[in-house]
Amino acid sequence: MVRRPLCVASLVCIAIIFLGLWVKGPPEADVSAWTGRELLISGTVSGKEIGGETQVIYLSNIAFCDMESPDQVDSFQAINTDDTYGLICYMQQEAPPMGATVLLTGEIAAFRTATNPGEFDQREYYLLQGYCGKVSVKEIVSASEEYDVFREGLYQIRRYLAAVLDAALDEKDASVMRAMLLGEKLQMDRDIKKLYQANGIAHILSISGLHISMIGIGLYQCFKRLAFPLPVSAGLAMIIMTAYAVMTGGSVSTIRAVVMFGFMVLAACVKRSYDLPTALSVAALATVLSEPYVLYQAGFWMSYLAVFGVAVLYPALMDEIDIKNKKLRALCTAAAGGFCVNLVTLPVLLMSYYEYPVYSIFLNLLVIPLMSVLLPAGILTIMAGCVFLPLGKAVGILVHVILGVYEWLCGVAMNLPGRSWIAGAPEAWKIMVFYGILLLIVLSGKKIGRKRLSRMKVHVRFLLIAVVVLMMGLRADAGLRITLLDVGQGDGICIRAEGITCLIDGGSTSKSRLAEYQLEPFLMHEGISEIDYWLITHPDQDHCSGYQEMMEMGKENAITVHTLVLPDAYGIRESCAELIALAERNEVQVLLLSSGDYIQTGKLKLTVLHPIEGYQAEDVNENSLVVSVEYEEFCGIFTGDATVESEREVIRYWEENGCCPVQLLKVGHHGSSTSTSDAFLEYCRPQVALISCGWKNRYGHPHEEVVERLEQCGCTIYRTDESGAISVYVRDGKMWIEEYLQH
């Protein structure tokens, strides 16, 4: 007979749903055809939040049509409708009540799609949550008088409680407690959020099992003491906790905690033992049935694996370890529990964030116990503030002190060496091996059918764990990899070989926060924690803004830069004064290189072809570094914004020093007609041309005449505005190319 039949049945159902979604593929919806047009939109308000001065409503059951077709407006015939996906609407007006049917006008926009490895895919993220686009609302035409009284009432309670926190606490503390107690994250202090994430304690901002168990069990015990019958106490506590889950947005961790709390009080009512694996699996099934694509979301796996780590892995891992001293045993138990949670969630964490905060285990040993004080203090602040605001402010002092301790601890951790292990995104086979080993440890000594597995020794368990953890960060030698990143209107190139990482440029005039959203995520995705050489071809913003942003991050920057390379042209120290000052502030060495200088490690050689030392030109683009990259039989030329005159200087260098056969050319100045002359192409005759330019950029890059020249030369052309990031691989004399948007 099967043990825990309900648990097994739930897991089987989840597996079937997962396989079905895998066959079906990720969700698809495209509103790009409607982008930029004023639309009349109909839908039902399924949720709403406040983000500063902007109100956000979530529409379901949407329908929309073009305002330029007035014959369709009244009848809503020939309207594009979709019962599956909703819209996120941003407005300055007062949001309609929950459950109301609204008619509004506004412009629809698609969510941003990731075009680089490691970049956050906003479109996929929101599609998995059921939203296909966002709307800037111009006017709310009408809203139905009928609405969901229950959900609107909960929303108004939430807003009132948030207002009490705002009045009782300072702005930063209030933003943290609103996220922690009410699920409001839109107004979360950005610096604190980043600080918590960087140190591995951002989980405290989510409503989790600790919240539900503390509040729910408190209510349950309170009702029991009021002499309510056991079923009534359990029922009332469950109703209130369900309402709390709805009020706070019903996140994955909240739903899990509420369902598991329900199992716990139900077990008490029927006088049965509480079975955690059964409660956990049923909670997971309930979440998946309500929203199947939650199986694609890292938050789902992090939430359930964390409980699995404590409930299943911890007893299996710590079996046979007996500590006599009570205080030491308590400390080791807490540390081991945190270790198991971190261990079992490691692959998911690396798949999502590509790094692991090394000191997070130790931080959580202090942070989590303090949560048992912080949460009641936050609740008491709200309760006292509702009755008498000065009393709420007095209680809020304790909240302020504990949050201050959290911030101080994170600050200390940020200053410690090796605070972050950048392992990169693990391959699928590594994840399978990792969880396979953990499963073996869990099953060690267990009886499977009629056969009992041999018990694994304690030292063997920890040795296997050490091996698979280290395996997650190991990367095989892939030869030479050159990635032309999609930075919009700008340049950004990563060259990786022989254990050396070089960046050429890294700037954009069309994308803000380039370092935070594109450069750093890409480097971390690839497991790169150090940039050995960062070459800035010239100091225009579309070539160096990312470098400036990364240097301005200071200690928050997880990537170490060792050397900044600039062209040794006339007046370079004046024109690049800001770049040099940032380098010196971050203890980055500065090198000025001119034609003939080179950097070599093993089979990788970077040679400067232009400018000559002290080269003087009125046009800053003419001073651009032009670099050749050689590896085995491969040769690539990277030209920055080099002009036709710069190309003449390169040809002179080749005539004097020889030119190896060129396989790859990074086309100069984003494909502008001021570069890539016939004479230059005739001399180097590249096989492949890469063009970095922004989608529908205002300069018209690449210019038609340049494209024609490249085609006449026999080049295969790749463009970032069409392909996203473009990766060139060279190994064992072979070269192949991958386009990110083709995956």
Side-chain angles (χ1 to χ4, degrees), residues 482 484 490-495 502-507 533-540 542-544 564-572 575-576 591-600 604-631 634-692 702 706 709-710 713 715 728:
I482 299 170
L484 180 64
D491 265 1
I493 303 151
C494 180
I495 300 168
C502 301
L503 289 189
I504 300 179
D505 290 330
Y533 300 95
W534 195 327
L535 289 72
I536 302 293
T537 59
H538 63 295
D540 281 355
D542 60 336
H543 292 258
C544 68
L564 170 66
V565 178
L566 297 170
D568 192 5
Y570 177 80
I572 195 67
S575 60
C576 294
L591 283 181
L592 302 182
L593 300 184
S594 55
S595 58
D597 294 333
Y598 63 89
I599 299 166
Q600 184 166 11
L604 177 67
K605 183 179 182 182
L606 280 74
T607 305
V608 177
L609 308 179
H610 176 76
I612 61 172
E613 185 177 351
Y615 185 81
Q616 187 172 357
E618 293 183 5
D619 185 355
V620 68
N621 291 334
E622 203 171 314
N623 290 331
S624 283
L625 270 176
V626 178
V627 179
S628 70
V629 175
E630 298 172 65
Y631 182 84
F634 169 86
C635 179
I637 307 297
F638 299 84
T639 57
D641 277 358
T643 64
V644 171
E645 183 58 40
S646 308
E647 292 172 355
R648 291 194 188 102
E649 294 295 325
V650 173
I651 292 172
R652 289 193 189 99
Y653 177 88
W654 279 335
E655 287 173 342
E656 295 175 3
N657 299 278
C659 174
C660 61
V662 175
Q663 285 79 38
L664 179 73
L665 170 67
K666 203 292 293 181
V667 175
H669 205 173
H670 323 292
S672 169
S673 57
T674 60
S675 301
T676 323
S677 62
D678 285 323
F680 183 72
L681 290 175
E682 182 64 28
Y683 203 99
C684 64
R685 303 196 67 81
Q687 301 170 14
V688 174
L690 306 181
I691 301 175
S692 177
V706 173
R709 285 180 215 152
L710 291 168
C713 186
C715 279
V728 180

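If you read the sequence from its start, that first residue is 1, and numbering goes on from there. Note that these values count all heavy atoms, side chains included, but never hydrogens, waters or copies made by symmetry.
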Between Thr643 and His669, is a side chain to side chain contact (heavy atoms under 4.5 Å, CB included) present by the stated rule, with each step listed?
CA-CA 8 Å; Thr643 64; His669 205 173; 5.9 Å; no

Go through the structure and list residues passing ring-ring contact (aromatic ring centres under 6.0 Å, His included) with His670, not counting sequence neighbours.
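In terms of ring-ring contact (aromatic ring centres under 6.0 Å, His included), with neighbours along the sequence ignored, His670 is linked to His543, His701.
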
Closest contact, heavy atoms only, Lys666 versus Gly640:
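Scanning both residues completely, I find the closest heavy atoms to be NZ-O, 3.3 Å.
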
ring-ring contact (aromatic ring centres under 6.0 Å, His included) involving Tyr533 - partner list, sequence neighbours excluded:
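ring-ring contact (aromatic ring centres under 6.0 Å, His included) list for Tyr533, sorted by chain: empty.
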
Do we see a donor-acceptor contact under 3.5 Å between the side chains of Glu622 and Tyr615?
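Per modelled atom types, Glu622 and Tyr615 side chains form a pair under 3.5 Å.
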
Does a side-chain heavy-atom distance below 4.5 Å link Leu503 with Leu535?
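No, side chains not in contact.
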
How about Val728 and Leu690: do any of their side-chain heavy atoms sit closer than 4.5 Å?
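Val728 reaches Leu690 side chain to side chain.
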
If you compare all heavy atoms of Ile691 against all heavy atoms of Gly671, which two are closest, and at what distance to 0.1 Å?
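Minimum heavy-atom contact is CG2-N, 4.2 Å.
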
What closest approach, in Å, do Val620 and Pro539 show between heavy atoms, and which atom pair accounts for it?
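Closest approach of Val620 to Pro539: CG2-CD, 3.9 Å.
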
Basic-acidic side-chain contact under 4.0 Å: Glu649, Arg652:
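Yes.
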
Minimum heavy-atom distance Leu681-Cys713, with the two atoms named
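Looking at all heavy atoms of both residues, the shortest contact is O-SG, 4.0 Å.
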
Please examine the side chains of Leu625 and Pro611, heavy atoms only from C-beta on, and report whether any two atoms are closer than 4.5 Å.
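Pro611 vs Leu625: side chains touch.
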
Please report the shortest heavy-atom distance between Cys544 and Ile536, naming the atom on each side.
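Shortest heavy-atom separation between Cys544 and Ile536 comes out as CB-CG2, 3.9 Å.
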
Least distance between heavy atoms, Ile637 atom then Phe680 atom:
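Minimum heavy-atom separation between Ile637 and Phe680: CG2-CZ, 4.4 Å.
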
Decide yes or no for Val667 and Val706: does some side-chain heavy atom of the first lie under 4.5 Å from some side-chain heavy atom of the second?
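Yes; the side chains approach each other to less than 4.5 Å.
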
